[in-house]
Amino acid sequence: MKDLASALSAANAAVFVKLGLDARHADVRRSDRPDLAEFQGNGAMAAAKAAGKKPQELASQIAAAWDAEALAPKPQVAGPGFLNFRVTEGALSDRARVIMGDARAGAALVERKRRVVVDYGGPNVAKGMHVGHLRASIIGESVKRIYRFRGDEVWGDAHFGDWGFQMGLMIVSIEDELGGLADKNALDAKLKTITLDYLEGAYPRAAAKAREDVSFRDRARKATAALQAGAEPHRTIWKAMHDVSMAAQKRDFASLGVNFDLWLGESDADPLIPDMVKDLEAKGLLEEDQGARIVRVARPGETKKKKLDDGTVIEVESPDPLLVVSSEGSAMYGTTDLATIVQRVRDQKPDLILYVVDQRQADHFEQVYRAAAKADYIAREALEHVGFGTMNGTDGKPFKTRAGGVLKLNDLIGQAEEKARERLREAEAEGRLAKDISPAEFEDIAHKVAIAAIKFADLSNFRGTSYVFDLDRFMSFEGKTGPYLLYQAVRIKSILRKAKAESLEPGAIEIAHEAERALALTLDGFNHALALAYDKKAPHFLAEHAYALAREFSAFYDHCPILTSEGAVRASRLALSGATLKQLTLTLDLLGIEPPERM
RNA sequence: GGCCCCGUAGCUCAGCUGGAUAGAGCAAGAACCUUCUAAGUUCGAGGUCGCAGGUUCGAGUCCUGCCGGGGUCGCCA
């Protein structure tokens with residue numbers, strides 16, 4: 001199954017070969033001058049350069065030799081040597097029919113299927129989901145769906161943050177609260193009262209205390225090592241915190257529409273650590289350094305300048321070595337990350353592991369990846385950090401609520417839902433909402449609209465850059481927003497429902513009107529958008545496509561009556577609407593967005 | 001100080017291996033609801049692509065330098 005750009009490229013390549021030119025330059029793509037052409041080929045200029053010919057002359061020769069007339073008439077030569085194509089109505093209609101009849105709405109599968117683990121979300125035992133977790137969850141979920149849809153075998157793993165120093169902090173925090181851990185009954189009673197809210201409150205306090213109080217910090221570090229050595233009651237306390245937090249996090253993820261195949265965490269990699277350390281030792285990679293054990297990952301000559309506390313500047317290796325065993329004997333997050341690679345190689349045998357994690361951890365992952373490759377656990381190329389930027393407030397600084405605190409995910413969703421309810425009530429008052437909507441459906445719509453607004457706002461930005469989180473803007477529901485996309489999907493559903501009620505059947509698509517042409521061309525662009533999103537691990541290409549599709553449908557809707565037209569035209573437009581709905585729904589699903597039936 | 005990212009319309013952002021007249025949305029202006037859901041459509045306006053050089057037939061895109069913003073630099077994750 002080929003999209004039109006691929007078909008044109010193939011036909012153009014045949015012409016290039018016939019003329020003795022390098023077919024590499026034959027690529028044809030959508031034109032960025034829609035006033036001049038639908039598709040453009042730029043290769044004549046590059047080929048002319050290579051052959052020492054005049055670009056315009058060569059372009060004319062190529063145009064003259066073009067013989068795929070069923071696909072497109074001979075291209076126009078324009079400017080310095082562009083080839084401008086306009087596909088035939090027949091080719092476009094055929095393509096639209098194929099998309100309509102295809103469950104994948106025109107999207108191709110990858111040629112070579114891979115096994116891929118997507119590590120994302122990264123919830124923390126002691127931190128409830130707040131806006132800071134949004135990007136990791138939303139982007140990761142979308143990347144996972146995109147990879148799976150293109151045919152790869154994919155596992156999404158939450159990689160729960162349940163094992164480091166933070167656990168030691170919580171343990172000594174509870175110890176101090178109870179005046180010791182000896183009283184089993186007091187401890188049991190305490191553990192029964194633990195909630196995620198409690199952990200969220202106690203953790204920042206303990207972390208702050210550890211920064212100021214050296215002895216408290218040392219106790220926490222020892223407690224961490226003890227937990228990892230399997231000591232009691234550390235293990236019991238950890239289990240209680242872990243279970244309570246996991247249950248709460250699962251609820252939050254479910255509310256966001258984020259689902260993992262593996263709910264593994266750092267603690268699950270722990271059993272592999274002792275053997276891994278022995279293995280690193282055997283391979284001669286482990287070195288003693290300042291009481292800790294490290295793996296050096298810098299190549300010869302890779303250094304950086306570093307300023308010490310006393311102001312002197314020294315030259316040190318770069319990247320920093322990976323800290324495998326702390327001076328206290330405990331595992332660090334790099335240790336668990338490395339052991340998690342060993343675990344995944346054993347269990348999933350992945351060709352690729354994607355880490356959808358904040359860009360700020362780029363250095364850390366570089367250390368881990370190099371160490372993994374050095375130890376021969378997996379190829380360096382099989383590990384990729386899919387980093388994303390921070391979410392800032394309207395002041396350009398990391399997002400905070402008006403009161404200065406962190407906005408909890410639930411509260412954020414709640415605010416968006418409330419805004420959606422207001423909008424729905426307005427529509428109801430103006431008589432634009434169906435009369436028979438039950439309270440349950442009303443709530444379901446409000447939730448879907450809220451989630452769509454939040455997710456689309458995030459996914460329409462390129463993941464790598466930071467973006468401004470502006471609640472009011474996302475919830476205005478106008479223009480390029482999630483609710484707009486839902487609205488277009490719902491309008492199509494409404495039309496198709498009416499058609500069905502009147503027993504009107506879709507028929508063969510015949511592209512005639514300019515608005516139909518534009519819509520069909522956009523439908524054809526799905527495969528390209530999907531391929532880009534896949535290659536670059538960047539869902540915003542699909543967000544852009546969803547918006548373009550919704551916009552073109554809306555123009556088509558305005559210019560081309562569907563139900564009120566007749567015969568073959570009506571049947572064709574119904575089919576075109578059906579194809580659009582299918583592809584729009586699919587695209588939204590790849591973004592993790594679900595449209596309601598009505599709104 | 002080393003390394004990484006960013007700087008595009010008043011605001012928020014796109015711009016795929018370098019290609020033609022740099023695109024969207026919001027805000028501000030004009031026109032469209034007795035007709036398939038106006039959370040909509042159509043039209044106009046808005047730009048020294050941070051600055052200065054360089055490579056190229058051609059640079060927002062590649063190279064160098066500078067300015068501005070952010071991030072990061074072993075016992076937190």
Side-chain angles (χ1 to χ4, degrees), chain A residues 24 27 29 31-33 35-36 40 42 45-46 48-49 55 78-82 84 122 124 127 161 163-166 169 207 210-211 221 266 289-292 294 303-307 313 315-316 318-323 325-328 330 332-334 336-337 358-364 367 387 389-390 392 394 396-397 423-424 426-427 430 432-434 449 457 460-462 464-468 470 473 476-481 483-484 486-488 490-491 494-495 498-499 528-529 531-532 535-536 540-541 544 547-548 551 554-555 557-559 561-564 577 598-599:
Chain A
R24 268 185 325 179
D27 244 34
R29 60 177 209 201
S31 174
D32 40 38
R33 287 292 303 275
D35 52 322
L36 300 178
Q40 67 182 45
N42 305 336
M45 292 175 283
K49 195 176 190 174
F82 292 100
N84 284 338
N124 186 308
K127 289 182 203 158
W163 203 238
F165 178 64
Q166 45 169 338
L169 273 177
R211 275 194 293 277
R221 293 189 61 207
E266 295 171 336
D289 193 89
Q290 298 168 39
I294 60 169
T303 60
K304 65 178 173 185
K305 284 174 186 159
K306 192 181 168 187
K307 204 174 192 174
V313 175
E315 185 123 328
V316 297
S318 175
D320 285 327
L322 183 74
L323 227 164
V325 185
S326 80
S327 53
E328 208 58 63
S330 60
M332 307 301 293
Y333 77 128
T336 41
D337 277 349
D358 193 312
Q359 193 64 51
R360 287 177 292 193
Q361 294 196 40
D363 290 350
H364 163 70
Q367 289 169 258
T390 52
N392 297 330
T394 43
K397 293 175 187 160
R423 192 68 190 78
L424 280 166
E426 277 173 37
E430 290 167 21
R432 287 185 286 101
L433 196 66
V449 168
S460 52
N461 294 307
F462 173 63
T465 53
S466 298
Y467 79 108
V468 174
D470 183 347
R473 185 159 59 83
S476 75
F477 301 156
E478 265 155 34
K480 196 173 178 177
T481 63
Y484 171 81
L486 299 190
Y487 178 69
Q488 298 308 337
V490 162
R491 287 216 289 200
S494 171
I495 289 168
K498 282 189 177 160
H528 185 236
L532 277 176
D535 291 341
K536 311 252 163 167
H540 82 283
F541 288 109
E544 196 59 46
Y547 179 68
R551 188 167 19 82
S554 202
Y557 174 93
D558 254 44
H559 293 113
I562 301 164
L563 296 174
T564 51
S577 300
R598 320 186 272 189
M599 66 186 273

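Residue numbers start from 1 in every chain, and the chains themselves are labelled A, B, ... in the order their sequence lines are given, proteins ahead of strands. Values below: all heavy atoms of this structure, side chains included; hydrogens, waters and symmetry mates excluded.
- Residue N124(A) is out of contact with every strand shown, counting any heavy-atom pair closer than 4.0 Å.
- Within 4.0 Å (heavy atoms only), M332(A) reaches sugar-phosphate atoms of the nucleic acid but no base atom.
- When the nucleotides C75(B), U37(B), C16(B) are ranked by their closest atom to the side chain of V490(A), U37(B) comes out on top.
- Here the C1' atom of nucleotide G74(B) and the CG atom of L323(A) are 5 Å apart, to the nearest Å.
- Under 4.0 angstrom from either OP1 or OP2 of A77(B) there lies no side-chain N or O belonging to K127(A).
- Side-chain atoms of R33(A) come within donor-acceptor range of the base of U21(B), with a qualifying N/O pair under 3.5 Å.
- Taking for each of G164(A) and N84(A) the nucleotide of RNA chain B with the nearest heavy atom, the 5'-most of the two is the partner of N84(A).
- Along RNA chain B, the nucleotide nearest to N42(A) and the one nearest to R360(A) differ in position, and the one closer to the 5' end is contacted by N42(A).
- Taking atom CG of D363(A) as the reference point, atom C1' of C75(B) lies 17 Å away to the nearest angstrom.
- Across the strands present, C11(B) finds its partner in G25(B); the criterion is a Watson-Crick or G-U wobble pair with both atom distances under 3.5 angstrom.
- Between H364(A) and Y333(A), the distance from one ring center to the other falls under 6.0 angstrom.
- With hydrogens and angles ignored, no donor-acceptor pair closer than 3.5 Å exists between the side chain of E315(A) and the base of G2(B).
- Using a distance-only test at 3.5 Å, with no hydrogens or angles considered, a donor-acceptor pair links the side chain of Q166(A) to the main chain of G161(A).
- For N392(A) against G70(B), no side-chain N or O and base N or O form a donor-acceptor pair under 3.5 Å.
- As judged by a 4.0 angstrom heavy-atom cut-off over every strand, Q40(A) is placed among the base-contacting residues.
- Using a 4.0 Å heavy-atom criterion, one finds that I294(A) contacts the bases of the nucleic acid, with or without backbone contacts as well.
- Within 4.0 Å (heavy atoms only), A427(A) reaches no atom of the nucleic acid at all.
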>> F82(A) vs M45(A), test: side-chain contact (heavy atoms from CB on, under 4.5 Å). Steps then yes/no.
In response: CA-CA 8 Å; F82(A) 292 100; M45(A) 292 175 283; 3.6 Å; yes
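- If you take OH of Y557(A) and C1' of C33(B), they are 11 Å apart, rounded to a whole angstrom.
- R473(A) and T481(A) are not linked by any side-chain donor-acceptor pair at a separation below 3.5 angstrom, with hydrogens and angles left out of the test.
- Between U41(B) and Y484(A), a contact under 4.0 Å exists linking OP1 or OP2 to a side-chain N or O.
- On a pure distance criterion of 3.5 Å, no polar donor-acceptor pair joins the side chain of H540(A) and the base of C13(B).
- Using a 4.0 Å cut-off between charged side-chain N and carboxylate O, R360(A) and D363(A) make no salt bridge.
- Heavy atoms of D358(A) sit nowhere under 4.0 angstrom from any nucleic acid atom.
- Within the 4.0 angstrom heavy-atom criterion, only backbone atoms of the sugar-phosphate kind lie near A555(A); the bases stay farther away.
- For the OP1/OP2 pair of C6(B) and a distance below 4.0 Å, the side-chain nitrogens and oxygens of T465(A) include no atom meeting the criterion.
- The side-chain ring of F82(A) is stacked on the base of A20(B), judged by centre separation under 5.5 angstrom and plane angle under 30 degrees.
- With its glycosidic angle within 90° of 0, C33(B) adopts the syn conformation.
- Residue-level contact check: E328(A) touches neither bases nor backbone, having no heavy atom under 4.0 Å from any strand.
- The separation between F541(A) atom CZ and A24(B) atom P is 18 Å, rounded to whole Å.
- Summarising the geometry, the separation between CH2 on W163(A) and P on A77(B) is reported as 12 Å, rounded to the nearest angstrom.
- Residue S554(A) is in sugar-phosphate contact alone, with no base atom involved, counting any heavy-atom pair closer than 4.0 Å across all strands shown.
- The phosphate of C36(B) (OP1 or OP2) has no side-chain N or O of R491(A) nearer than 4.0 angstrom.
- Within 4.0 Å (heavy atoms only), Y333(A) reaches at least one base atom of the nucleic acid.
- Contact of S327(A) with C75(B) (side chain to base): a donor-acceptor pair of N or O atoms is detected under 3.5 Å.
- Across all strands, L486(A) comes closer than 4.0 Å to no nucleic acid atom at all (heavy-atom distances).
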